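This one's a predicted model, so the numbers in the text were calculated from it and none came from an experiment. Per chain, numbering begins at 1; letters A, B, ... match sequence-line order.
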Amino acid sequence: MSGTAIAICIILGAPLVAMLLSGVGPRPRVGEIANLCASVLVLIAACPLPFVTAAPLTYWDSYLVVDRLGAWVLLCTALVYFLASVFSVGYMRLMHHPERLPTFYALFAGFAWTMLVVPLMNNIGVFWIAIELTTLVSTFLVGYEREAESMEAAWKYIIVVSAGISLALLGTVLLYWGGSLVLGPTYEMTWQALRDVASRMNPLLLKLGFLLVLVGYGTKVGLAPMHTWLPDAHSEGPAPVSAMLSGALLNSAMLGIVRFLSITDAAHSGGIPRYALIVLGIFSVFIGALFIVRQEGVKRVMAYSSIEHMGILALGFGFGGPLGIAGALYHMLNHSLNKSLMFFGAGNVMRRYGTKEMPAIRGVLREFPVSGVLWLAGAIGITGAPPFATFLSEFMILRAGFADGQAWAAVAMLVLLVVIFVGFLNHFSRMYFEDRPHQPATGPRVNTWGVIPMWLALLPLLVLGVWWPASLMQLFGEVARGLGVSP
Amino acid sequence: MLATHLDPLAASWFSLIAIASMLLSFVMLGSRWLKNYLYAFGAQSWLIALLSAMVGYYGHYPELYLIAVLTAFFRGLFLPYLVLRILRRLRVDREIHLSIRPSTSLVIGAGAVVFALIIAYRIANAVGFPQNIVVLALTVMFTMKLVGFLMLSIRYEAISQILGLLVLENGIFLGSQILVPGMPTLIEMVILFDLLVAVACFGVLVRYLMLHVGSTSTLQLKKLVG
């Protein structure tokens with residue numbers, strides 16, 4: 001067995017074992033440890049994958065594929081899974097029902113597993129199923145706290161997302177039909193097969209299929225105006241779950257859109273697919289900006305910020321070119337790290353103050369001298385300010401916009417980013433520096449387990465912000481080439 | 001493609017089944033009794049199973065017989081049974097709050113058919129298969145999609161929303177049987193299984209809704225806004 005095959009076995013096996021152990025383990029500790037071990041193993045296995053994979057490798061009757069793009073998304077997912085597993089050790093002990101912790105860890109590992117499966121899927125139909133599975137498992141994590149609000153969020157999530165991605169299924173069927181008119185009634189519906197046949201496919205069918213897929217998976221990505229489930233689901237689940245939803249799940253759905261985009265690119269089917277992606281991206285950033293400014297719930301701000309960042313990713317891939325793709329891939333990693341950090345901080349603060357409402361959270365620095373600073377630094381990073389890596393990636397995407405001749409979109413993005421910067425930091429300056437009399441914070445405090453992952457997320461962001469490894473740039477170039485973009 | 005060289009008898013059978021399932025989705029749209037939805041859904045699934053078997057027979061796809069049996073069993077018997085159990089436990093039997101009267105929603109549904117027909121014509125002509133059966137399959141597929149979305153947006157009972165989702169997928173299933181009967185069997189089987197898991201999840205969720213929100217009407221779900 002080659003190294004890659006072993007890595008795949010670990011990535012797909014470890015979370016399953018952790019899920020079983022957490023489910024049958026007699027005490028919550030078993031789940032904690034199993035999850036932690038699994039996430040470390042997955043991270044170790046996933047780290048080298050994007051760099052060592054040369055040509056796409058297929059396994060298991062070509063149902064599994066390892067290519068650079070998928071391995072990159074896999075790496076982002078593994079990172080968030082690891083950070084969230086560390087964080088949940090400290091955080092979940094503060095929850096009220098210790099007897100339900102084994103269920104939590106089993107679901108958590110299962111959710112991680114479904115997300116790790118998605119980037120490896122080579123068959124478009126199975127890819128759709130994997131995405132649907134992530135929804136089904138994570139619904140129960142969103143509703144884990146079993147309050148009226150979290151049940152509402154879970155219901156909205158499963159209904160809106162399932163209805164949305166049924167459109168993606170329709171698009172998939174139409175694309176398969178289009179392919180079958182060229183290749184004959186039965187063929188393996190892999191990404192590569194469709195890419196090869198795309199130029200001979202009926203252009204109308206191709207465009208229609210792509211637009212349906214874009215709306216379908218766009219619902220899962222949380223692109224506006226299909227984003228309505230996202231703020232609720234991301235704000236009502238426990239903090240580690242929010243981090244996984246935001247930092248990992250959205251990327252995997254975005255991967256689907258990117259792969260379909262490369263199919264329409266292969267057919268040179270004009271600007272409509274890219275244009276649609278750019279418009280959705282701008283609209284998402286706009287909605288994000290609008291709601292961040294007037295938001296009161298601390299996790300809801302983070303959720304709207306996720307919509308914004310997914311909009312930026314959509315813009316990056318929509319602008320395309322080596323620069324746009326590199327920026328978007330880089331931004332994917334940065335957003336995963338940064339948003340995890342933000343949700344961890346929000347979770348810590350929410351526990352301590354016993355509320356989700358920002359107006360009741362005052363004097364954060366006094367309560368959290370260390371992790372408060374980390375959270376604030378993260379807030380500066382998430383708005384795309386230097387010296388953090390998000391600044392670099394957003395800057396690249398902007399440049400790609402100008403290079404692509406979509407200056408209007410780049411300018412709009414820039415203006416909206418400034419609005420978001422002001423709105424976001426306005427919330428934080430109030431929470432940190434306004435000293436209005438408030439009820440004393442009496443909630444439990446998260447122990448070291450809740451602070452370590454914040455360091456682990458912030459340091460790479462800072463390092464990648466000032467030093468850009470050449471191997472990353474090379475990797476992004478290779479991915480762009482794999483997507484059919486020549487430098 | 002199978003649909004282009006069908007003998008006339010098979011083509012008329014396929015059309016009949018497609019139209020009948022479309023009408024059944026209108027039965028769901030026009031009624032406010034949850035049990036009627038359920039029976040209509042069950043009947044629709046049986047029709048789709050029949051269609052799979054016939055496509056298998058006329059197109060020589062023996063694996064479609066298996067799909068037909070599975071469809072009939074899962075979608076025609078097991079899913080309705082699961083939903084029926086939820087219905088019994090919840091003791092809800094009809095939509096109490098409707099945002100649009102059933103008659104109005106039927107008219108909107110009729111509009112959806114016309115819209116779907118226009119789209120289907122354009123696609124079928126662009127692809128170069130203006131045969132009736134292709135147009136019809138596309139029309140029914142899009143219509144059931146639109147009717148499903150309509151049901152999702154005008155019904156408030158949790159059960160009707162689940163059924164709305166199932167209608168969305170029934171439409172795709174029906175269309176894909178006629179248009180792409182050669183689609184790999186594994187995919188269809190996994191999608192069937194996936195639906196089963198989905199409905200099981202919905203069942204659990206509905207019970208929690210009842211327990212923690214106190215009702216299964218999604219009108220009660222309005223705490224999270226903005």
Side-chain angles (χ1 to χ4, degrees), chain A residues 61 63 123-126 128-130 132-133 135-137 139-140 143 145-156 158-160 162-163 166-167 169-170 172-174 176-181 184-189 202-205 208 212 231-233 235-236 291 294-297 300, chain B residues 1-2 59 61 119 122-123 125-129 138 141-142 145 148-149 152-153 158 161-162 164-165 168-169 171-173 175-176 179-188 190-191 193-195 197-198 200-202 204-206 208-214 218 220-226:
Chain A
D61 240 9
Y63 274 102
N123 190 303
I124 297 177
V126 187
W128 183 85
I129 293 160
E132 172 83 359
L133 271 184
T135 314
L136 294 179
V137 180
T139 300
F140 290 97
E145 289 176 14
R146 294 209 187 151
E147 317 215 319
E149 286 91 352
S150 33
M151 288 331 294
E152 174 176 345
W155 184 258
K156 238 179 174 175
I158 195 169
I159 286 284
V160 174
S162 306
S166 79
L167 282 175
L169 182 63
L170 180 61
T172 307
V173 168
L174 287 182
Y176 185 86
W177 185 42
S180 78
L181 297 177
T186 305
Y187 62 97
E188 287 298 328
M189 194 179 19
N202 183 289
L204 179 76
L205 219 48
L208 184 68
L212 285 169
D232 301 341
S235 62
E236 294 307 319
F291 281 84
R294 54 172 291 260
Q295 202 46 248
E296 304 247 291
R300 289 182 86 81
Chain B
M1 194 171 81
L2 169 71
Y61 294 104
I119 305 269
R122 288 220 36 194
I123 295 177
N125 278 318
V127 177
F129 295 112
L138 285 170
M141 187 153 87
F142 294 143
K145 202 88 199 171
F149 276 118
L152 275 174
S153 49
Q161 297 197 338
I162 300 177
L165 275 180
L168 287 181
E169 311 220 332
I172 300 177
F173 242 65
S176 66
L179 295 177
V180 283
M183 197 147 145
T185 322
L186 182 92
I187 309 287
E188 305 198 357
V190 183
I191 291 177
F193 172 75
D194 179 70
L195 262 176
V197 179
C201 288
F202 276 116
V204 177
L205 212 58
V206 167
Y208 285 155
L209 274 183
M210 195 71 189
L211 221 66
H212 298 277
V213 184
T218 49
Q220 304 297 320
L221 303 178
K222 52 188 172 195
K223 287 202 168 149
L224 301 171
V225 283

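The shortest non-hydrogen separation linking L152(B) to A163(A) is CD1-CB, 3.6 Å. The two residues L204(A) and I123(B) come nearest to each other via the heavy atoms CD2-CA, 4.0 Å. Across every non-hydrogen atom of S180(A) and V180(B), the tightest pair is OG-CG1, 4.0 Å.
Interface residue L205(A): only side-chain heavy atoms are found under 4.5 Å from chain B. Contacts between L138(B) and chain A at a heavy-atom distance below 4.5 Å involve the side chain alone, from C-beta outward. Residue contact with chain B, scored on non-hydrogen atoms closer than 4.5 Å, involves the side chain of T139(A) exclusively. E236(A) touches chain B through its side chain: at least one heavy atom from C-beta onward sits under 4.5 Å away, while N, CA, C and O do not. Contacts between F140(A) and chain B at a heavy-atom distance below 4.5 Å involve the side chain alone, from C-beta outward.
Contact annotation: the side chain of L179(B) never approaches that of Y176(A) to less than 4.5 Å [non-hydrogen atoms, C-beta and beyond].
Summarising the local packing, CZ of R122(B) is surrounded by 12 or fewer heavy atoms from other residues, nucleotides or ligands at distances under 6.0 Å.
Here Y61(B) contributes atom OH and T186(A) contributes atom OG1; the two are 5.0 Å apart, rounded to the nearest 0.5 Å.
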**Request:** Check step by step if side chain to side chain contact (heavy atoms under 4.5 Å, CB included) holds for E169(B) and S162(A).
**Result:** CA-CA 10 Å; E169(B) 311 220 332; S162(A) 306; 5.9 Å; no
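Each of L170(A), V137(A), T135(A) has some count of heavy-atom pairs under 4.5 Å with chain B, and the biggest count is that of L170(A). Heavy-atom pairs under 4.5 Å with chain B peak, among L169(A), L167(A), V173(A), L174(A), at L167(A).
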